[in-house]
Amino acid sequence: AQLVIQQRLTNFTKTFPPVKFRDERTRKRILITGGCGFVGSHLVDKLMADGHEVLALDNYFTGRKRNVEHWIGHPNFELVHHDVVNPYFVEVDQIYHLASPASPPHYMYNPVKTIKTNTIGTINMLGLAKRVKATMLLASTSEIYGDPEVHPQPEEYWGHVNTIGPRSCYDEGKRVAESLMVAYHKQENVSIRIARIFNTFGPRMHMNDGRVVSNFIIQALQKQPITIYGDGGQTRSFQYVSDLVEGLIALMESDSFIPVNLGNPEEHTIRHFAEIIRDLVDSESQIVHMDAQPDDPHQRKPDIRRADKLLKWKPKVSMREGLQKTIEYFRGQLASGGRLDHT
Ligand code: NAD
Ligand code: UDP
């Protein structure tokens, strides 16, 4: 029997990443919806390391327990399996509301659910914020600008979205979510923050989420053709995930209730982006063109003067530097037999 007890204790002994010590006065209880996703899990890491109590809530649609498994069992960490479409009650000081599929194939997979998550889910979290007087940050998106006619996109731009196109479940869902945030702020005095996030990449992106960064890197690593949708003249600006996490926390800690763009203004055509990845991977992949995607925005680049002014925030990691780290991550995943699914 002694041997069995000994064995159990050994199994429970787990080494956690270091966390800062905080006393009760500065330690916050923080809810992160979508906490097992790509961005959410990096935010969990940063807030845990800063010594806060973190509750990660997720329905595991696109997120994975694996992304936060290094915290499971830590006294400051809690993992909750829950869908934000249903109300949730908890005492917290801050809410980072990230729950929503983010890549086009994921959010188009079940458009009705995407709309429910972004509307009913946001109402549920705002109701919680109102009740417990928590500050709530919404992970909004550059997609609220649609296929923009103004370039680069400042926060004052109202956008150009096709309400009945394939992207509308996400774009309009996030637009309503922003409207809900503002309505709860004005009517119910809820303390709000709105982050308009531009294309973000880094380790823990899904290998098969269909986004351009993961697609091109995996294709290049596997010597498969790199698939450009359309002529590749469309542009995007890519930010590395650590910059986004710093921006989200800076915004939460500010007193800005107006929307703030968070992105890296380094803009590339998708054609050029394919060449950069092929060179960085040193791959022999061919670059091929496929049908253009309906309603694919032609250009996208954040105007980040507001973030600079209000948050003193600017991205620090160059696209190439971020890509190197992401390529290493995907290389490791493939080498360890990482499966091309979300399990
Ligand atoms: P992700 O898919 O990796 O993470 C989203 C997380 O939300 C997943 O863990 C998923 O399981 C969870 N989720 C989805 N629906 C849910 C529901 N109904 N209830 C509970 N959990 C649910 O995507 P991500 O890239 O980490 O995106 C996080 C947030 O940032 C999203 O709100 C997204 O719209 C926003 N955003 C991301 C980007 C980007 O480039 N990554 C750009 C703009 C905006
Ligand atoms: N794209 C591409 N090939 C791919 C995946 C995406 O050419 O295999 C293009 C896509 O059409 C879009 C851009 O890359 O113009 C960015 O797509 P992504 O899905 O990453 O994000 P979006 O900014 O469209 O939400």
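Every number for a ligand or one of its atoms is a count from 1 in the order of the listing. The structure displayed is predicted, hence computed values, not measured ones.
Residue, atom and distance of the protein heavy atom nearest to atom 8 (O) of ligand 2 are N215 ND2, 2.8 Å. For atom 13 (N) of ligand 1, the closest non-hydrogen atom on the protein side is N59 OD1, 3.3 Å. If you check which protein heavy atom lies closest to atom 21 (O) of ligand 2, you get N199 ND2, 3.5 Å. Nearest protein heavy-atom contact of atom 24 (O) of ligand 2 is R167 NH2, 2.9 Å. Among protein heavy atoms, the minimum distance from atom 3 (N) of ligand 2 is reached at T227 O, 2.6 Å. When hydrogens are left out, the protein atom nearest atom 1 (N) of ligand 2 is Y229 CD1, 3.5 Å; that is the closest non-hydrogen contact. Protein heavy atom in closest approach to atom 19 (N) of ligand 1: V84 N, 3.0 Å.
With hydrogens and angles left out, the side-chain atoms of Y229 and Q234 include no donor and acceptor closer than 3.5 Å. Between E267 and H151, the side chains place a donor N or O and an acceptor N or O closer than 3.5 Å (distance only, hydrogens not considered).
Of the heavy atoms in I270, only side-chain atoms (C-beta onward) come closer than 4.0 Å to ligand 2. Contacts between F201 and ligand 1 below 4.0 angstrom, taking non-hydrogen atoms only, are absent altogether.
With ring centers used as reference points, F38 lies 6.0 Å or more from F201. H74 has its ring centre less than 6.0 Å from the ring centre of F16. Ring centroids of H81 and Y60 are separated by less than 6.0 Å, placing the two rings close together.
Nearest-heavy-atom check against atom 5 (C) of ligand 1 across S100, G34, G37 picks out S100. Of the listed options R211, Q239, H97, R211 places a heavy atom closest to atom 41 (N) of ligand 1.
Inclusion of D296 in the set of residues having an N or O under 3.5 Å from an N or O of ligand 2 is warranted. Annotation: E143 places an N or O atom under 3.5 Å from an N or O atom of ligand 2; distance criterion only. Close N/O approach between V212 and ligand 2 is found [any backbone or side-chain N/O within under 3.5 Å].
Atoms of ligand 1 found under 4.0 Å from any heavy atom of K174, numbered from 1 in the order shown, are 31 (C), 32 (O), 33 (C), 34 (O). Ligand 2 places these atoms under 4.0 Å from at least one heavy atom of G210: 5 (C).
Contact annotation: R196 has no heavy atom less than 4.0 Å from any atom of ligand 1. Heavy-atom distances between D58 and ligand 1 reach below 4.0 Å in at least one pair.
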